[in-house]
Amino acid sequence: MSDPTAVLRARELREEHKLGQAPLRDIHAFVEGALGYDLAITPMPEVLDGMTLVEPSGAVLIAAATTSNPERQRFTIAHELGHIVFDELAPPGATLHDEDTEVEGKISDFARHLLLPPDGLEQVLSDAGATRGNVTDEHLSQVLRVFGISSEVARIQMRETGWTFGANDVERPSAELLSIRFGWSAERRVDVEQSQREQRPQRMLANANTAYLAGHWNLAKTARVHGVTASALGAEFTRADLTPAAPSTEPAAEADDAFADFD
């Protein structure tokens, strides 16, 4: 069963931000907007799904790996939030072998309840016509589609709340396979494409834009922070009618040092 403290903290966070039992599909906006943390999506070694860094100033950066599995990425971000909520951040120099399995289990329980609250699960299953002990793959598919979670995460929550597949309660198809079978694969492909793209923290990009518009940075340096070409970013700024207050006096050659003086 889930750790009671994890369940409580997930419920409290949902209540604090008035999420009710609704799906938390745009966890990126929740992390950066509602919670005020920075979020980066970036390539990582295969053994690492995510990490959280806290600056001496108190600024928090959550990083999650690019992946073709959007459900896994969403859970990773929620899991990293759990590390912050429980103040269980790895000390400098820690390795994967140093992880406390009991703590990791509690934090995973928190992530699962944050992404899939039991009352929300019951509502979706009931609306889909499911009954306890007689859940089908079609019912499961609807849960995954609505909440953006994996079959594994859903099944754990379903077993704990009495929603089982009866005598056939064995491993179920993945979100990818269920989306193909039940007609929402095009919708999921959009999520896959997004989870594979690198994403810089929104605050960092907004600050870079401010520096550019104030004439402190040139376009090449600003584009490097965005991770795009200067021509592409210039075209975006033109469409948005964004023009620097004064031309930048910064030499273009300094564009290679875009992160050196960025705060």
Side-chain angles (χ1 to χ4, degrees), residues 1-4 6-11 13-15 17-30 49-50 64-65 67-82 104-196:
M1 293 297 292
S2 294
D3 183 285
V7 176
L8 177 62
R9 298 301 291 273
R11 183 186 306 127
L13 188 61
R14 278 185 156 271
E15 290 175 353
H17 295 281
K18 298 179 173 57
L19 298 176
Q21 305 304 318
L24 185 54
R25 289 303 304 262
D26 194 350
I27 196 167
H28 299 73
F30 179 68
D49 290 324
T67 176
S68 59
N69 187 329
E71 296 83 16
R72 185 181 186 91
Q73 186 182 88
R74 198 173 286 117
F75 188 85
T76 294
I77 296 171
H79 184 93
E80 293 303 317
L81 279 179
E104 288 296 310
K106 176 176 68 175
I107 290 173
S108 289
D109 289 344
F110 166 85
R112 190 174 67 253
H113 280 265
L114 180 64
L115 294 176
L116 184 56
D119 288 347
L121 169 65
E122 181 168 355
Q123 184 67 57
V124 170
L125 287 172
S126 297
D127 289 347
T131 56
R132 294 181 185 277
N134 192 30
V135 178
T136 67
D137 282 348
E138 186 170 9
H139 299 141
L140 174 62
S141 173
Q142 183 65 3
V143 171
L144 306 193
R145 182 185 183 188
V146 171
F147 288 97
I149 41 101
S150 68
S151 288
E152 179 183 2
V153 169
R155 287 188 65 240
I156 293 172
Q157 201 75 321
M158 290 164 68
R159 283 198 301 267
E160 288 197 0
T161 53
W163 293 92
T164 65
F165 291 81
N168 194 32
D169 192 21
V170 295
E171 184 175 352
R172 313 310 303 179
S174 66
E176 178 186 12
L177 296 181
L178 289 174
S179 73
I180 295 171
R181 169 63 182 85
F182 294 104
W184 50 282
S185 58
E187 178 183 321
R188 186 177 180 276
R189 278 196 297 272
V190 174
D191 287 345
V192 172
E193 291 169 2
Q194 179 179 344
S195 66
Q196 291 175 316

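Sequential numbering from 1 along the given sequence is applied to the chain's residues.
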- Candidate pair Thr67 and Asp49, rule side-chain contact (heavy atoms from CB on, under 4.5 Å), full reasoning: CA-CA 9 Å; Thr67 176; Asp49 290 324; over 6 Å; no

- Message: To check you understand the geometry: which heavy-atom pair defines the closest contact between Ser150 and Leu144, and what is its length?
- Response: O-CD2, 3.5 Å

- Task: Inspect the contact between Arg112 and Asp109 and indicate whether a charged nitrogen and a carboxylate oxygen are less than 4.0 angstrom apart.
- Result: yes

- Query: Are Gln157 and Pro118 close enough that some pair of their side-chain heavy atoms sits under 4.5 Å apart?
  - Reply: yes

- Item | Non-hydrogen side-chain atoms of Ile149 and Arg74 separated by less than 4.5 Å | no

- Message: I'd like to know if the side chain of Thr76 pairs up with that of His79 as donor and acceptor (distance under 3.5 Å, no hydrogens or angles considered).
- Response: no

- Note on the structure: Here the pair of heavy atoms bringing Ala64 nearest to Ile77 is CB-CG1, 3.9 Å

- Query: Within the side chain of Ser126, is there an N or O that forms a donor-acceptor pair under 3.5 Å with the backbone of Gln123?
  - Reply: no

- For the student: nearest non-hydrogen atoms of Ala175 and Ser151, plus distance: N-OG, 3.9 Å

- Message: Side chains of Arg14 and Pro117, heavy atoms from C-beta outward: is any pair under 4.5 Å?
- Response: yes

- Message: Please determine whether the number of non-hydrogen atoms from other residues, nucleotides or ligands lying under 6.0 Å from atom CZ of Arg72 exceeds 12.
- Response: no

- Item | Side chains of Glu152 and Glu171 in contact at under 4.5 Å (non-hydrogen atoms) | no

- Donor-acceptor under 3.5 Å (Gln142 side chain, Ala128 main chain): no

- Item | From Ser185 atom OG to Leu178 atom CG, the distance as rounded to the nearest 0.5 Å | 11.5 Å

- Residues Glu122 and Arg132 bridged, charged N to O under 4.0 Å: yes

- Can you tell if the side chain of Val143 reaches within under 4.5 Å of the side chain of Leu116, non-hydrogen atoms only? yes

- Message: Measuring only between side-chain heavy atoms, which start at C-beta, is Val153 closer than 4.5 Å to Phe147?
- Response: no

- Task: Identify the heavy atoms of Pro70 and Val192 that sit nearest to each other, and give their distance.
- Result: CD-CG2, 3.8 Å

- Query: Checking Arg159 side chain against Thr164 main chain: does a donor-acceptor pair fall under 3.5 Å?
  - Reply: no

- If you round to the nearest 0.5 Å, how far is CG of Leu8 from CG of Leu13? 11.0 Å

- Message: Nearest 0.5 Å, please: how far is CG in Leu140 from CH2 in Trp163?
- Response: 13.0 Å

- Identified salt bridge (Lys or Arg N to Asp or Glu O under 4.0 Å) counterpart of Glu71 within the set Arg188, Arg25, Arg145: Arg188

- Item | From CG (Leu115) to CG (Leu121), nearest 0.5 Å | 12.5 Å

- Taking all atoms of both residues into account, what is the closest heavy-atom pair of Leu19 and Phe30, and its distance? CD1-CE1, 4.0 Å

- Please examine the side chains of Leu81 and Phe110, heavy atoms only from C-beta on, and report whether any two atoms are closer than 4.5 Å. yes

- Message: Using 0.5 Å steps for rounding, measure from the CZ atom of Arg189 to the OG atom of Ser179.
- Response: 8.0 Å

- Message: Using side-chain heavy atoms (C-beta onward) and a distance below 4.5 Å, is His113 in contact with Arg11?
- Response: no

- Considering all heavy atoms of both residues, which atom of Gln196 and which atom of Ser68 are nearest to each other, and what is their separation? NE2-CB, 3.4 Å

- Task: Look up atom CD1 in Ile107 and atom CG in Leu114, then write down how far apart they are to the nearest 0.5 Å.
- Result: 13.0 Å

- Task: Examine distances only and state if a side-chain atom of Ser141 and a backbone atom of Asp137 form a donor-acceptor pair shorter than 3.5 Å.
- Result: no

